[in-house]
Chemist: 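So that we are looking at the same thing, I have put the structure below in structure tokens.
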Amino acid sequence: VQLVESGGGSVQAGGSLRLSCAVSGYVFSSLCLAWFRQAPGKEREGVASTGMTGLTKYVEAVKGRFTISLDHAKNTLDLQMNDLKPEDTAIYYCAADPSPVRLWVSHLGYWGQGTQVTVSS
């Protein structure tokens with residue numbers, strides 16, 4: 001499985017960014033997909049996840065501001081980030097695995113190279 005992120009960048013607080021992850025090499029509909037992030041000096045954390053059921057999960061800190069979505073026609077995973085805050089600054093990673101437990105709990109599976117998101121105050 002290959003995962004390639006795009007769409008990171010720098011933005012002022014209150015602004016928006018949209019991240020996209022192109023997924024190839026696996027049956028897209030069989031995967032659980034998620035966005036993780038890692039800020040400097042902090043552990044990596046799950047941000048949002050979705051999968052074949054269409055259900056979505058978000059970490060409390062981004063609820064109401066971030067939206068995860070799948071484009072089955074393009075085999076992409078997107079993350080729309082609105083009302084960004086300086087504490088959202090991190091490297092964002094796209095990840096995938098057939099098992100949601102392996103992915104969300106154990107952080108195992110397939111990973112992209114990451115894309116930097118920087119939010120200034």
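Model, not experiment: these values are computed from the prediction.
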Chemist: Any chance you could lay out the side-chain contact (heavy atoms from CB on, under 4.5 Å) test for V117 and M81, step after step, and finish with the verdict?
Modeler: CA-CA 10 Å; V117 171; M81 306 185 293; 3.9 Å; yes
Chemist: Find the distance between CG (L77) and CG (L19) and round it off to the nearest 0.5 Å.
Modeler: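 So the gap between those two atoms works out to 9.5 Å.
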Chemist: Using the rule given for side-chain contact (heavy atoms from CB on, under 4.5 Å), can you reason through R18 versus S69, listing the C-alpha separation, both sets of side-chain angles and the distance that settles it, and then say yes or no?
Modeler: CA-CA 11 Å; R18 188 177 183 89; S69 61; 3.8 Å; yes
Chemist: What is the distance from atom OG of S16 to atom CG of D83, rounded to the nearest 0.5 Å?
Modeler: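 One finds 8.0 Å between OG of S16 and CG of D83.
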Chemist: If the threshold is 4.0 Å, N to carboxylate O, is there a salt bridge linking R102 and D97?
Modeler: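 Yes, this pair counts.
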Chemist: Distance from T56 atom OG1 to F66 atom CZ, nearest 0.5 Å?
Modeler: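 T56 OG1 to F66 CZ: 14.0 Å, rounded to 0.5 Å.
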Chemist: At their closest point, which heavy atom of Y26 faces which heavy atom of S30, and how far apart are they?
Modeler: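 Here Y26 and S30 meet closest at CE2-CB, 4.0 Å.
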Chemist: Side chains of D78 and Q80: any donor to acceptor distance under 3.5 Å?
Modeler: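 Judged by distance alone, the side chains do not pair up.
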Chemist: Any chance you could measure N75, atom CG, to S24, atom OG, to the nearest 0.5 Å?
Modeler: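 Those atoms lie 8.5 Å apart.
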Chemist: Please work out which of the three classes, parallel, tilted or perpendicular, describes the rings of W104 and F36, given edges at 30° and 60°.
Modeler: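 Ring orientation of F36 relative to W104: tilted.
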Chemist: Which is it for V47 and Y58 under the side-chain contact (heavy atoms from CB on, under 4.5 Å) test, yes or no, and what are the steps along the way?
Modeler: CA-CA 6 Å; V47 175; Y58 297 92; 5.8 Å; no
Chemist: Knowing that exactly one of D71, T76, L31 qualifies, which makes a side-chain contact (heavy atoms from CB on, under 4.5 Å) with V23?
Modeler: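 Only one option passes, and that is L31.
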Chemist: How about W35 and C21: do any of their side-chain heavy atoms sit closer than 4.5 Å?
Modeler: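 They are in contact (side-chain heavy atoms under 4.5 Å apart), so the answer is yes.
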Chemist: With hydrophobic residues grouped by side-chain heavy-atom distances under 4.5 Å, do I68 and L17 end up in a single group?
Modeler: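 Result: yes, single cluster for both.
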Chemist: Does anything in residues 109-121 pair up under side chain to side chain donor-acceptor pair (under 3.5 Å), and if so which pairs, sequence neighbours excluded?
Modeler: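 Every side chain to side chain donor-acceptor pair (under 3.5 Å) pair that includes a residue of residues 109-121, provided the two are not neighbours, is E5-Q113, Q116-T118.
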Chemist: Side-chain heavy atoms under 4.5 angstrom apart, residues restricted to Ile, Leu, Val, Met, Phe, Trp, Tyr: same cluster for I91 and L103?
Modeler: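 Result: yes, single cluster for both.
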Chemist: Please write out which residues are connected to V105 in a hydrophobic cluster, directly or through intermediates, given that two of Ile, Leu, Val, Met, Phe, Trp, Tyr count as joined at side-chain heavy-atom separations below 4.5 angstrom.
Modeler: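 V105 clusters with V101.
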Chemist: For M52, which fellow cluster members are found when Ile, Leu, Val, Met, Phe, Trp and Tyr are connected by side-chain heavy-atom distances below 4.5 angstrom, either directly or through intermediates?
Modeler: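 Joined to M52, directly or through intermediates: none.
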Chemist: Can you tell if the side chain of L55 reaches within under 4.5 Å of the side chain of T50, non-hydrogen atoms only?
Modeler: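 Contact flag for L55/T50 side chains = no.
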Chemist: Supply the atom-to-atom distance R37 CZ to R44 CZ, rounded to the nearest 0.5 angstrom.
Modeler: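 If we round to the nearest 0.5 Å, R37:CZ and R44:CZ are 13.5 Å apart.
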Chemist: Within this structure, what is the CG-CG distance for the pair L79 and L33, rounded to the nearest 0.5 Å?
Modeler: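 Going from the CG atom of L79 to the CG atom of L33 covers 12.0 Å.
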Chemist: For Q2, I'd like to know if atom CD has over 12 heavy atoms of other residues, nucleotides or ligands within 6.0 Å.
Modeler: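 Incorrect, the count does not exceed 12.
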Chemist: With a 4.5 Å cut-off on side-chain heavy atoms, are V1 and L3 touching?
Modeler: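 In contact.
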